[in-house]
Chemist: 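Pasting a structure here, questions to come.
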Amino acid sequence: PVRTAGYEKLGYSIHPNIGGWSNTFTYKNWSLYTLVDFRQGGSIFSGTNWLAYYYGFHQKTLQGRNSPLTVSGLLFDGTETNTPLNVTIPANRVDDHWRAYGNISNNLIYDGSYGKLRELSVKYNFPSSMLADTFILSLVGRNLALLWSHTENIDPESAFSATRGFQGLEYNTMPLTRSIGVNLNVNF
């Protein structure tokens, strides 16, 4: 993080590295097409996780519900040497701790890198001896799997809005839709 005039830059919302790999494997009349893409770098703020901390739905908020919670770290007091912090929070006040934890946006900034299985299709070309014309049947799936990610509880491809300026912000966004279908291609 970079501090400037009281503000702290927590990350960049644009992925500096974007790539993918596609290939088609064929065997006799069968073909298998795969498309994997990735985004490396960049940051994302999760409004979904902020609400999960605030209302006690995040898995971490289970800590301290039945017994006191001990929090260790550093108190950033604005000097070069920060003060060590070791606080025990009673179980009846732990909700206040998690609400405050969620309000510190540094805790909700994640590495936005991810990899996805974007498309997979299996095709069968019927031989011309069976049919006089070209006849292709294929099964196609899109947005099939999140292969790896550094975000928790959200799809890292989610965005608050597609409008310019909202990259890197996620707030209760539904993940992209997975689709599976059948294609039939007939040439006469």
Side-chain angles (χ1 to χ4, degrees), residues 9-63 98-99 101-126 131 133-188:
K9 187 180 294 184
L10 298 176
Y12 295 94
S13 61
I14 306 297
H15 302 284
N17 302 310
I18 299 172
W21 174 76
S22 68
N23 202 355
T24 303
F25 305 95
T26 57
Y27 177 73
K28 296 187 179 182
N29 291 343
W30 291 93
S31 65
L32 173 69
Y33 171 75
T34 59
L35 172 61
V36 175
D37 68 7
F38 72 90
R39 311 269 194 238
Q40 184 66 39
S43 301
I44 186 169
F45 170 81
S46 174
T48 300
N49 283 325
W50 173 73
L51 287 173
Y53 279 114
Y54 189 83
Y55 289 109
F57 295 136
H58 196 282
Q59 185 176 359
K60 285 185 183 177
T61 63
L62 293 172
Q63 300 171 17
W98 290 119
R99 283 189 185 111
Y101 181 87
N103 284 336
I104 302 169
S105 57
N106 190 0
N107 297 323
L108 301 170
I109 302 290
Y110 298 93
D111 177 356
S113 303
Y114 66 88
K116 286 193 171 190
L117 176 58
R118 190 64 67 188
E119 186 173 340
L120 181 72
S121 68
V122 178
K123 294 181 184 178
Y124 183 75
N125 292 323
F126 287 90
L131 301 165
D133 299 313
T134 305
F135 189 81
I136 302 171
L137 181 64
S138 61
L139 178 64
V140 179
R142 291 191 176 89
N143 202 34
L144 294 174
L146 179 62
L147 302 176
W148 55 271
S149 168
H150 299 288
T151 59
E152 54 184 34
N153 304 321
I154 63 168
D155 181 352
E157 197 172 16
S158 300
F160 177 69
S161 172
T163 308
R164 201 171 102 200
F166 287 107
Q167 300 92 345
L169 298 174
E170 179 277 335
Y171 193 77
N172 293 336
T173 309
M174 296 296 291
L176 294 177
T177 306
R178 175 182 299 137
S179 64
I180 298 174
V182 176
N183 288 338
L184 178 61
N185 186 354
V186 180
N187 293 328
F188 298 99

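The analysis underlying the following values was restricted to heavy atoms, covering all of them including side chains, and did not include hydrogens, waters or symmetry mates. All of these numbers come straight from a predicted model, not from anything done at the bench.
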Chemist: Please collect all side-chain hydrogen bond (donor to acceptor under 3.5 Å, both in side chains) contacts where either partner lies in residues 11-26, sequence neighbours excluded, each pair once.
Modeler: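 Sorted result for residues 11-26: K9-Y12.
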Chemist: Please identify each residue that fulfils side chain to side chain contact (heavy atoms under 4.5 Å, CB included) with Y55, with sequence neighbours left out.
Modeler: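 Once residues adjacent in sequence are excluded, the partners of Y55 under the side chain to side chain contact (heavy atoms under 4.5 Å, CB included) criterion are L51, F57.
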Chemist: Using side-chain contact (heavy atoms from CB on, under 4.5 Å), reason through N107 and Y53 one step at a time and then give a plain yes or no.
Modeler: CA-CA 10 Å; N107 297 323; Y53 279 114; 5.8 Å; no
Chemist: Once side chain to side chain contact (heavy atoms under 4.5 Å, CB included) is applied, do any residues pair with T173, and if so which ones, sequence neighbours excluded?
Modeler: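 With sequence neighbours excluded, T173 shows a side chain to side chain contact (heavy atoms under 4.5 Å, CB included) to S158, E170, given in chain and number order.
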Chemist: Specify the closest pair of heavy atoms between W98 and Q63, including all atoms of both residues, with the distance to one decimal.
Modeler: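 Nearest heavy atoms, W98 then Q63: NE1-O, 3.3 Å.
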Chemist: Judged by atom type as modelled, is there a donor-acceptor pair below 3.5 Å linking the side chain of R39 to the main-chain atoms of Y114?
Modeler: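 Checking the backbone N and O of Y114 against the side chain of R39, no donor-acceptor pair under 3.5 Å is found.
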Chemist: Any chance OH of Y27 has more than 12 other-residue heavy atoms, nucleotides or ligands included, within less than 6.0 Å?
Modeler: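 12 or below, so no.
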Chemist: Is there side-chain contact between E119 and Y33, with at least one heavy-atom pair below 4.5 Å?
Modeler: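 E119 vs Y33: side chains touch.
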Chemist: Between the main-chain N or O of G56 and the side-chain N or O of T61, is there a donor-acceptor pair closer than 3.5 Å?
Modeler: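 Such a contact is found between T61 side chain and G56 backbone.
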Chemist: Of all residues at least two apart in sequence or in a different chain, which pass the salt bridge (charged side-chain N to carboxylate O under 4.0 Å, His left out) check with K116?
Modeler: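 So K116 forms a salt bridge (charged side-chain N to carboxylate O under 4.0 Å, His left out) with D155, E157.
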Chemist: Looking at W50 and Y171, would you say the former's side chain and the latter's main chain have a donor-acceptor pair under 3.5 Å?
Modeler: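 Answer holds: no.
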Chemist: For residues I44 and P156, report the shortest heavy-atom separation together with the two atoms involved.
Modeler: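 Heavy atoms of I44 and P156 come nearest at CD1-O, 3.7 Å.
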Chemist: Mind checking the CD1-CG spacing from I180 to L144? Nearest 0.5 Å is all I need.
Modeler: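 Here the interatomic distance stands at 6.0 Å.
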Chemist: Which heavy atom of D111 sits nearest a heavy atom of G42, and at what distance?
Modeler: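 Closest approach of D111 to G42: OD1-O, 3.6 Å.
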Chemist: Whether the side chain of T48 engages the backbone of N172 through a donor-acceptor N/O pair (distance < 3.5 Å, no angle test) should be reported.
Modeler: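 Between the backbone of N172 and the side chain of T48 there is a qualifying donor-acceptor contact (under 3.5 Å).
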Chemist: When Y110 is tested against each of T151, N49, N153 for side-chain hydrogen bond (donor to acceptor under 3.5 Å, both in side chains), which residue passes?
Modeler: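 Of the listed options, the one satisfying the test is N49.
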Chemist: Provide the full list of side-chain hydrogen bond (donor to acceptor under 3.5 Å, both in side chains) pairs with a residue in residues 137-147, sequence neighbours left out, each pair given once.
Modeler: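 Qualifying pairs, neighbours excluded: R118-N143.
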Chemist: Can you give me the closest heavy-atom contact between I109 and S43, atom names plus distance?
Modeler: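 For I109 versus S43, the nearest heavy atoms are CG2-CB, 3.8 Å.
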Chemist: Can you tell me how far the CD1 atom of I154 sits from the CG atom of L146, to the nearest 0.5 Å?
Modeler: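 It comes to 10.5 Å.
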Chemist: Who are the side chain to side chain contact (heavy atoms under 4.5 Å, CB included) partners of V122, not counting sequence neighbours?
Modeler: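 V122: side chain to side chain contact (heavy atoms under 4.5 Å, CB included) contacts with W30, L32.
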Chemist: For F25 and T34, run side-chain contact (heavy atoms from CB on, under 4.5 Å): C-alpha distance rounded to whole Å, both residues' side-chain angles, the deciding distance at 0.1 Å, then the answer.
Modeler: CA-CA 9 Å; F25 305 95; T34 59; 4.2 Å; yes
